[in-house]
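Only one structure is covered here, and it is reproduced in the block below.
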Amino acid sequence: MQLRAMSLSRSLPATTESSNPFVSFCYSPTAMTPTKRFKRTGSRNSLQPSEPVRKTRRSLRPKPNPSPQSPIPFGKTKTLHRDFFLIDALDLAPRLLGKFLRREDVVLQITEVEAYRPNDSACHGRFGVTSRTAPVFGPGGHAYVYLCYGLHMMLNIVADKEGAGAAVLIRSCAPISGLDVIQQRRGLKTEKPILLTGPGKVGQALGLSTEWSNHPLYTPGGLELLDGPEPENILVGPRVGIQYALPEHVNALWRFAIAGTPWISAPKNTLRPAL
DNA sequence: GAAAAGATTAAA
DNA sequence: TTAATCTTTTCC
């Protein structure tokens, strides 16, 4: 199913607005049909919906759906205005959910993010402006890419006005277009969530290096952020891997994800429905 | 100038 | 559970 939507979009020219791949994706019958498995039960356990059905035979189980929710149809897909990014990272983070990241033929939909803010003991900006973190202190709407553990390229989207020092980490995405390129870069011939759930995986799938740091995302060309459907429900939780920070920042619920999607990194059991 | 630690991942 | 891997930042 997923492959059908993707190969369909690949067959279309992706350069002009009128024939962009998302329109065909969002109107494709498979994308418009929500899978039963993702329906909310309304019980107290919010995580129930995203877990696979246990007692169904493997061959009968529905495959992971690249569409995190029923997409809201939208006519034109375009880059967002730079003003979109000039807000508190805590406000920007959830608004990035559902949006599209595009680099040439590869298109990913953002499914999980984390906010990093001024006066945040977990934020890279906590040491002030350095050669690495300079983009974080620039105006919102630019990429901030850094090397983590000497291996992984982590993509952030700079938030707020110039001088603030805030950014949103992209933790997970769903593949929308360019699956073969994504798989090639990842070295994985799969379409399961393992392909793109984790910040290092997103950077690898987009073929990023630190040279992309400070690249504007609101102008056509290179790496772009495009408008996308707003998720129906959102999950929140504490951020991952920041045990070195102050308790108030370790515990802050600044991690956001689209409810019901399988495209969320570990740990998932710390996420709860937003109010 | 040296050393520790890190917004992680994949394999055992 | 742990090794891989290297830049950034801090400490002496």
Side-chain angles (χ1 to χ4, degrees), chain A residues 85 88-90 92-94 96-97 101 108 110-138 140 142-160 164-175 182-215 217 235-257 262-271:
Chain A
F85 304 94
D88 192 316
L90 196 51
L92 181 62
L96 289 175
L97 296 175
L101 278 166
L108 310 182
I110 299 172
T111 53
E112 181 192 349
V113 296
E114 282 176 356
Y116 289 84
R117 311 170 74 202
N119 305 314
D120 172 4
S121 59
C123 182
H124 278 193
R126 68 188 181 279
F127 299 125
V129 180
T130 65
S131 59
R132 177 178 66 158
T133 64
V136 178
F137 290 89
H142 292 239
Y144 167 52
V145 182
Y146 72 92
L147 181 63
C148 185
Y149 290 94
L151 296 172
H152 311 291
M153 292 300 166
M154 313 280 273
L155 171 63
N156 296 250
I157 295 178
V158 177
D160 224 320
V168 177
L169 172 69
I170 310 300
R171 284 198 62 87
S172 295
C173 290
I182 295 169
Q183 290 174 332
Q184 192 172 3
R185 285 175 177 158
R186 289 277 297 117
L188 275 180
K189 208 68 184 172
T190 181
E191 46 186 285
K192 295 186 184 135
I194 191 177
L195 189 66
L196 283 174
T197 52
K201 300 175 185 178
V202 172
Q204 190 178 25
L206 289 168
L208 299 181
S209 68
T210 52
E211 314 227 320
W212 286 91
S213 206
N214 207 37
H215 178 88
L217 300 169
L235 305 177
V236 302
R239 295 172 294 178
V240 181
I242 55 161
Q243 296 314 305
Y244 56 87
L246 295 173
E248 59 187 295
H249 298 139
V250 170
N251 298 326
L253 304 179
W254 294 350
R255 180 188 181 198
F256 305 89
W263 300 94
I264 299 180
S265 68
K268 299 181 187 177
N269 61 4
T270 56
L271 291 165

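Since the structure is predicted, the reported quantities are computational estimates derived from the model, not experimental observations. For the numbers below, each heavy atom of this structure counts, side chains included, while hydrogens, waters and symmetry mates do not. Reminder, nothing fancy here: chain letters follow the sequence lines and each chain counts from 1.
- Judged by distance alone, with hydrogens and angles left aside, the side-chain atoms of His249(A) form no donor-acceptor pair with the main-chain N or O of Ala122(A) at under 3.5 Å.
- Note on residues 195-204 of chain A: pairs passing side chain to side chain donor-acceptor pair (under 3.5 Å), not counting sequence neighbours, are Arg186(A)-Gln204(A).
- Heavy atoms of Thr210(A) sit nowhere under 4.0 angstrom from any nucleic acid atom.
- Both tests pass for Arg239(A) against the ring of Tyr116(A): distance under 6.0 Å to the centre and angle within 45° of the axis.
- Under a cut-off of 6.0 angstrom, the local environment of CD1 in Ile194(A) is sparse, with at most 12 non-hydrogen atoms contributed by other residues, nucleotides or ligands.
- Under 3.5 Å, the side chains of Thr210(A) and Ser213(A) contain no donor-acceptor pair of N or O atoms.
- Rounded to whole Å, the distance from NE2 on His152(A) to P on dA4(C) is 13 Å.
- Straight-line distance from the CZ atom of Arg186(A) to the P atom of dA11(B): 10 Å, rounded to whole Å.
- Between the C1' atom of dT8(C) and the CZ atom of Phe127(A) lies a distance of 9 Å, rounded to the nearest Å.
- Of the residues Leu206(A), Asn156(A), Leu155(A), the one that meets the side-chain contact (heavy atoms from CB on, under 4.5 Å) test with Ile170(A) is Leu155(A).
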>> Let's go through Met154(A) and Tyr144(A) carefully: what are the C-alpha distance in whole Å and the side-chain angles of both, what is the deciding distance for side-chain contact (heavy atoms from CB on, under 4.5 Å) to 0.1 Å, and is it a yes or a no?
In response: CA-CA 8 Å; Met154(A) 313 280 273; Tyr144(A) 167 52; over 6 Å; no
Sort me out a list of protein N/O and nucleotides 1-7 of chain B N/O pairs below 3.5 Å, or just none if empty.
unit_1	atom_1	unit_2	atom_2	d
dA7(B)	OP1	His124(A)	NE2	2.9
dA7(B)	OP2	Tyr244(A)	OH	2.5
dA7(B)	N9	Tyr146(A)	OH	3.2
dA7(B)	N7	Ala122(A)	O	3.4
dA7(B)	N7	His124(A)	NE2	3.1
dA7(B)	N6	His124(A)	N	3.4
dA7(B)	N1	Asn156(A)	OD1	2.4
dA7(B)	N3	Tyr146(A)	OH	3.4

> What dot-bracket string describes DNA chain B from 5' to 3', counting Watson-Crick and G-U wobble pairs whose defining distances are under 3.5 Å, with [ ] for crossing pairs and | for pairs to another strand?
Replying inline: ||||||.||||.
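- In terms of modelled atom types and a separation under 3.5 Å, the side chain of Thr111(A) and the main chain of Ala257(A) share no donor-acceptor contact.
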